[in-house]
Amino acid sequence: MSAHTNARFAAEVYGQRLERAVELMRAAHLDALLITPGPDLRYLIGSAAESFERLTCLVIAADGSPPAVVIPKLELAALEDSAARELGLRILDWVDGVDPYQLVRSILHAGSRIAVADAMPALHLIPLAESTTGLPASATPVLRQSRMIKDEAEIEALRRAGAAIDQVHARMGEFLEAGRTEAEVGADISAAIIEEGHTEAAFVIVGSGPHGADPHHEVSGRVIEHGDVVVIDIGGPVEPGYYSDSTRTYVLGTPSPVIVERMSVLEAAQAAAVAAVRPGVTAESIDAAARSVLADAGLGDAFIHRTGHGIGLSVHEEPYIVAGNDLVLEPGMAFSIEPGIYFRGEWGARIEDIVVVTDNGVESMNNRPHGLTVL
């Protein structure tokens, strides 16, 4: 994705996020956050700059001094579509021959306790650690709460992403036909994802027949046959970088009674999990809601992954909807609900919506029919 096509929120939104980051940093007894290109940088200042061998780094200090961006002069255009200048950030540009890690060090106080973005490449992490005070901490515990709780602008972006991917699923009859390969179908779906408003097709899974039993199968040269059950899991970002992710299961021709029965149970499991979402319950309770329906029908062993993952500026982020996660859900949290059943060597199925916790319950970002769609 180009760094120059980043539609962004108002600078006020990013200003509030930076202020919140300082508050959380102080609470964690840290002196500075070092954020290189990736989801955290986009979240904090709206920059979709990419990571290269030359260092770009946002430095946020807990002492309240204006945040600074250390950036190669030749990459300054990457900040044009961010809120950097409107936010009054200090821009410390550098040219080849200058040590950018020492530039970062010059901003920090001696002995500063720092945390870095998880997306920071080792080629930057190591010299930064050597030029500061040793191995830094992870910024994830500092930023996770902010990124998990989506504001209204973020939720609206997720709504647009959900509506866009729904439109692609609505067109599946154009692409999914017996006699075509998974790769051919996937190429058409990728084009449709962009046509319907995404900036790219981030992932396309076309799992036909036995390939549907592999949750992370992508596409292959397998020719789709009449009678196949086909799992279609697709998504991508809409500006300003928020992702869609939706799975539906299709069948080419009349399904067998066994397939119909098992799909009905899966549909009930997914619906039960969605219905269980509300503030005050735990993430693991949503997983249990889906899992119990499948287990009661004798299909518990066919459900081999967690029920969901958070979504936003990353396809997978917190909160994770999985057994053992006692995180209490709060309004604004966004995540997938995607139970599946998989029968190795035969077929598989999955149903996935993105949902957002509301003050009183749940809102789904996806609204296509959930049951087995016959094409």
Side-chain angles (χ1 to χ4, degrees), residues 161-162 164-196 198-225 227-238 243-252 255 259 262-263 266-267 269-270 290 302-311 314-317 320-321 335-354 365-366 368-375:
I165 209 66
D166 279 358
Q167 285 297 109
V168 180
H169 275 294
R171 296 175 56 185
M172 206 54 59
E174 300 175 29
F175 319 128
L176 190 52
E177 297 177 358
R180 306 193 73 202
T181 67
E182 292 175 350
E184 289 170 337
V185 172
D188 285 346
I189 292 173
S190 293
I193 288 173
I194 295 172
E195 289 168 7
E196 297 298 341
H198 297 80
T199 56
E200 66 173 325
F203 53 91
V204 174
I205 292 175
V206 182
S208 65
H211 288 169
D214 176 3
H216 282 170
H217 176 77
E218 294 181 357
V219 298
S220 75
R222 182 183 185 275
V223 176
I224 299 167
E225 302 175 0
D228 277 351
V229 177
V230 186
V231 178
I232 304 291
D233 184 345
I234 53 179
V238 301
Y243 279 84
S244 65
D245 185 2
S246 180
T247 309
R248 294 294 186 265
T249 302
Y250 302 84
V251 62
L252 277 66
I259 291 172
R262 289 176 173 177
M263 275 298 303
L266 179 61
E267 186 178 2
Q270 203 266 349
F303 184 15
I304 59 176
H305 54 72
R306 66 194 175 203
T307 293
H309 57 82
I311 195 167
S314 301
V315 181
H316 287 187
E317 61 185 47
Y320 293 102
I321 309 304
F335 47 84
S336 68
I337 294 184
E338 51 178 307
I341 48 176
Y342 308 95
F343 309 98
R344 184 167 295 277
E346 299 180 29
W347 62 281
R350 185 164 60 256
I351 303 169
E352 176 184 20
D353 291 329
I354 300 302
M365 305 292 101
N366 302 106
R368 292 292 301 163
H370 294 81
L372 187 64
T373 299
V374 178
L375 297 176

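Note that the numbering runs from 1 along the sequence shown for the chain.
- Formation of a donor-acceptor pair under 3.5 Å by the Ser336 side chain with backbone atoms of His309 is found in this model.
- With rounding to the nearest 0.5 Å, the separation of OG1 in Thr247 from CD in Gln270 is 9.5 Å.
- Across all non-hydrogen atoms, the minimal contact from Thr181 to Gly221 is CG2-O, 3.5 Å.
- You'll find the side chain of Ile337 stays beyond 4.5 Å of the side chain of Ile321, heavy atoms only.
- Across all their heavy atoms, Phe203 and Asp233 have their closest contact at CE1-OD1, 3.4 Å.
- Minimum interatomic distance between Asn366 and Ile354 (heavy atoms only, all atoms of both residues): OD1-N, 2.8 Å.
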- Task: Check the pair His169, Tyr250 against side-chain hydrogen bond (donor to acceptor under 3.5 Å, both in side chains), reporting the backbone distance first and the verdict last.
- Result: CA-CA 10 Å; His169 275 294; Tyr250 302 84; 2.7 Å; yes
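- For the pair Met172/Ile189, a side-chain contact is recorded, criterion being any heavy-atom separation below 4.5 Å from C-beta on.
- Asp188 is linked by a side chain to side chain donor-acceptor pair (under 3.5 Å) to Arg180, counting only residues two or more places apart in sequence or in another chain.
- In this structure, CD in Glu338 is found 8.5 Å from OG1 in Thr307, a value given to the nearest 0.5 Å.
- Closest approach of Pro339 and Leu266 over heavy atoms only: O-CD1, 3.4 Å.
- Glu182 pairs by the side chain to side chain donor-acceptor pair (under 3.5 Å) definition with Ser208, His211, His217, Ser220, not counting sequence neighbours.
- Contact detail for Val374 and Pro255: the closest heavy-atom pair is CG2-CD, 4.2 Å.
- Side-chain contact between Arg350 and Ile205: present, with at least one pair of heavy atoms (C-beta onward) separated by less than 4.5 Å.
- For the salt bridge (charged side-chain N to carboxylate O under 4.0 Å, His left out) condition, the pairs that include at least one residue of residues 164-176, sequence neighbours left out, are Arg171-Glu174, Arg171-Glu195, Arg171-Glu196.
- Under the ring pair (Phe, Tyr, Trp, His ring centres under 6.0 Å) criterion, Tyr320 pairs with no residue, sequence neighbours left out.
- A donor-acceptor pair is defined here as one N or O able to donate and one able to accept, closer than 3.5 Å; no such pair exists between the side chain of His198 and the backbone of Gly235.
- Between Trp347 and Phe343, the ring-plane angle classifies as tilted under the 30° and 60° cut-offs.
- Within the 4.5 Å cutoff, no side-chain heavy atoms of Ile165 are placed close to those of Asp245.
- For the atom pair Thr199 OG1 and Ile194 CD1, the distance stands at 8.0 Å (nearest 0.5 Å).
- Closest approach of Tyr243 and Ala202 over heavy atoms only: CE2-CB, 3.7 Å.
- More than 12 non-hydrogen atoms from other residues, nucleotides or ligands lie less than 6.0 angstrom from CD of Glu184.
- Contacts of Arg248 classified as salt bridge (charged side-chain N to carboxylate O under 4.0 Å, His left out), with partners at least two apart in sequence or in another chain: Asp353.
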- Item | CA sep, side-chain torsions, deciding dist, call: Ile259, Val251, side chain to side chain contact (heavy atoms under 4.5 Å, CB included) | CA-CA 10 Å; Ile259 291 172; Val251 62; 5.6 Å; no
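- Looking only at distances, a side-chain donor or acceptor of Ser244 sits under 3.5 Å from a matching main-chain atom of Gly236.
- In this structure, the side chain of Ser246 engages the main chain of Glu352 through a donor-acceptor pair within 3.5 Å.
- Within the structure, salt bridge (charged side-chain N to carboxylate O under 4.0 Å, His left out) contacts touching residues 202-215 (residues at least two apart or in different chains) do not occur.
- Counting heavy atoms from C-beta on, the side chains of Arg222 and Asp228 come closer than 4.5 Å.
- If you take CZ on Arg344 and CD on Glu346, they are separated by 11.5 Å, rounding to the nearest 0.5 Å.
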